[in-house]
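Below is one structure, written out as structure tokens, with a few remarks after it.
Computation of the quantities below employed the complete heavy-atom set of this structure, encompassing side-chain atoms and omitting hydrogens, waters and symmetry-equivalent molecules. Predicted model, so just to flag it, every value in this text is computed and none were measured.
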Amino acid sequence: MKNEVFEMSKAYTIGAGISSLAAAYYLIQNGWSGKDITIIGLDTHGANDGNHVTAYEDEYQKGRLANSKGFLAIGGRMLNEETYEDLWDMFRGIPSLDHPGESVTDEILNFDHAHPTNDVSRLMDKDGIIDTYSMGFSNQDRELLVKLTAIPDDQEETLDDVDIQTWFKDDPDFFTTNFWYMWQTTFAFQKTSSAAELRRYMHRMILEFSRINTLAGVTRTPYNQYESLILPARKYLQDQGVQFVNRVRIDDLDFADTPMRDEIIVTGIEGVNVETNEPIHIEVNEGDLVFDTNGSITDCTTLGDLDTPITENMNPAPSAALWRKVADRFYNVGNPDKFFGDRSQSEWQSFTVTTTNHLLVNEIKEITRQAPGNALQTWIDSTPLLSIVVHHQPHFHAQKPNETVLWGYVLYPRRKGDYVDKPFIEMTGREMLLELIGHLNAMDKRAVKIGDKTDEIMASVENVIPAYMPYVDALFNNRSKKDRPHVVPAGSHNLAFLGQFTEMKTQMTFTEMMSVRSAHIAVNKFLGLPDDDLPKLNHYDKDPKVLAKAAHTMVRKHHDYSKVANPFTKTK
């Protein structure tokens, strides 16, 4: 129940993403009135986006982009049943919007169990589908990966400011293994990413190591994450009286002057309505709580359309600018410049295709032997490193029966395409689709190839929407442990940090799990609840059977294709 100390208190969350929703949810679960909670955001979705393109007002209502047809999913999040304990805990308490009487957790897991992922073309090149049963490791690859994974938690500081390419500096062939291509593109790691983060992934995702080639451990939502997660959470919180303030950017926090310089007491919140430029001030009184999502990976995202490339937004990330102001005042709240100071370390680009018929998706199915809804496909010979996801259809509630939607991304948008002679970042949506068709055509062994149907495919396209995200990989940037603040820093009376740029023991970034657990930890600390009130974590990295399976995966050989059903797969 709500502690009497907080009986008249208010709570303010900065950021509209799942972390803020989780903070509000757990406050309510512990007796707070929703009417005492305000969620302040620039948008209504955070990084869990997904909507018709007309919902993205900044781009489509200011006249720069002409094509407002189709759907947009700037990014996609892969969930995991076994290791997202806090996410499932939260959404067990939130009703489904589509299935009355079910929780969102039940809805997602029921859908996933009915549509299990079995990726049969995880890696491809111009010659066809690659056999990924083997990780492609040499003995040196195995030795260095095991050595990294074996570093104890209490010695993780030895990896401070060590990136992955430095760890494998004597083994450059590691970056041409099946494992690296799959791990890199599944989770969006780069060579310059933190080695400590790779180590954490190897622990928390050890179950996925032995099935990374099929992505059987991926838990998919019935629709895009905005509609499957964010909308039901917002509806639940609204029904509880939570106030949502949208289109507001928070620029600064006011702090009390205290004798102890390491005491953190927020006394005010300063912002601006981005539509009216009206300044906003919120008085934060004694006992009030402030939760700040101190970094957003979708900050400064810009969009294009079928015939318009993106225009790069060179502004600083708003969430990081606020974090930087706090860091300038207090020594123990991390270093935002490690993550947001060099976008060349963190950028990549996605694109969403909407068509008026199923021709393109059916062609992809024929060429890659993979039905929609089976996760991720990557062309390892693509210069920008191109991957696509053909979702289970429909991916949006508003999608018409004749429409299909697919999503793709490249990890290296500054590199030129292989079939369109310009950097990917400069391509229109049409050119991105032509680049994809080029890769499909190169591996198409049929008499009538997909390239022969390019005009027919293009006639079916409603829109292809490029989305450039300068900070989407910032959470993986090379760092030390000190560069991320604890959820509730030492000396903080009423300020907590939420999300992907917080430091929590053993937790891996770029996950809904980290977002929700940070909020759960923050609420518990402020309300004086014990740590054992949190959901228990599954430590599969200590399970002998799981470890034995991982060890076997390390040395797995290629399939004998005289004994398997798919003759289209080749050995790399």
Side-chain angles (χ1 to χ4, degrees), residues 49-56 59-60 65-76 121 124 223-224 227 303-310 349-379 382 384 386-410 417-420 422 424 427-467:
D49 64 280
N51 214 327
H52 192 277
V53 295
T54 52
Y56 294 82
E59 300 289 341
Y60 284 92
L65 301 176
N67 189 338
S68 59
K69 296 179 181 178
F71 297 92
L72 171 63
I74 293 172
S121 52
M124 304 172 295
Y223 295 93
N224 61 84
E227 294 181 3
L303 307 178
D305 65 19
L306 186 63
D307 294 303
T308 313
I310 67 97
Q349 189 162 9
S350 71
F351 59 98
T352 311
V353 182
T354 306
T355 64
T356 58
N357 62 36
H358 311 306
L359 173 61
L360 175 60
V361 167
N362 286 337
E363 289 293 302
I364 293 172
K365 179 181 176 181
E366 285 295 312
I367 297 166
T368 68
R369 307 297 171 187
Q370 180 141 294
N374 276 293
L376 191 65
Q377 299 165 289
T378 298
W379 280 270
S382 162
L386 171 66
S387 300
I388 62 168
V389 174
V390 181
H391 308 285
H392 184 276
Q393 304 292 315
H395 194 52
F396 296 84
H397 282 83
Q399 201 173 319
K400 298 173 185 175
N402 63 294
E403 291 177 319
T404 57
V405 176
L406 65 91
W407 179 88
Y409 88 103
V410 297
D418 299 290
Y419 301 95
V420 177
K422 62 171 62 174
F424 202 87
M427 292 184 193
T428 65
R430 185 185 304 274
E431 290 167 332
M432 291 177 181
L433 182 52
L434 288 172
E435 178 73 8
L436 169 60
I437 290 172
H439 281 283
L440 288 162
N441 191 63
M443 64 182 290
D444 191 351
K445 309 305 180 187
R446 300 173 300 173
V448 180
K449 300 172 71 171
I450 187 173
D452 300 321
K453 305 173 186 177
T454 300
D455 290 344
E456 188 180 356
I457 290 170
M458 284 299 176
S460 76
V461 174
E462 286 190 327
N463 209 349
V464 182
I465 308 169

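Just one of Asn357, Thr355, Asn362 meets the side chain to side chain donor-acceptor pair (under 3.5 Å) condition when paired with Thr404; it is Thr355.
In terms of the salt bridge (charged side-chain N to carboxylate O under 4.0 Å, His left out) criterion, Glu435 has no residue partners (sequence neighbours excluded). Legend: residues meeting ring pair (Phe, Tyr, Trp, His ring centres under 6.0 Å) with His52, ordered by chain and number and at least two apart, are Phe71. When the side chain to side chain contact (heavy atoms under 4.5 Å, CB included) test is applied to Lys400, the partners found at least two apart in sequence or on another chain are Asn402, Glu403. Not counting sequence neighbours, the partners of Gln393 by the side chain to side chain donor-acceptor pair (under 3.5 Å) test are Gln399. Residues that satisfy the salt bridge (charged side-chain N to carboxylate O under 4.0 Å, His left out) test with Lys422, not counting sequence neighbours, are Glu431.
Proximity of a side-chain donor or acceptor of Thr368 to a complementary backbone N or O of Ser121 within less than 3.5 Å is not detected.
Using the six-membered ring where Trp is involved, Trp379 and His439 have ring planes that are tilted, between 30° and 60° apart.
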Query raised in the report: Does the pair Leu360 and Leu433 meet the rule for a side chain to side chain contact (heavy atoms under 4.5 Å, CB included), with working shown?
Result: CA-CA 10 Å; Leu360 175 60; Leu433 182 52; 3.9 Å; yes
Report task. Start with the C-alpha gap between Ile367 and Arg446, add the side-chain angles, then the distance that decides, and say whether side chain to side chain contact (heavy atoms under 4.5 Å, CB included) holds. Result -> CA-CA 8 Å; Ile367 297 166; Arg446 300 173 300 173; 3.8 Å; yes
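Using a 4.5 Å cut-off on side-chain heavy atoms (C-beta onward), Pro384 and Asp418 make contact. Inter-residue side-chain proximity for Asn463 and Leu72 is flagged as unmet; no heavy-atom pair is nearer than 4.5 Å. Between Asn441 and Tyr419, the closest side-chain pair of non-hydrogen atoms is not below 4.5 Å.
Residues in residues 449-462 take part in these side chain to side chain donor-acceptor pair (under 3.5 Å) pairs, two or more places apart or across chains: Glu363-Lys453.
Counted by atom type alone, Thr54 and Ser68 present zero donor-acceptor pairs between their side chains at under 3.5 Å.
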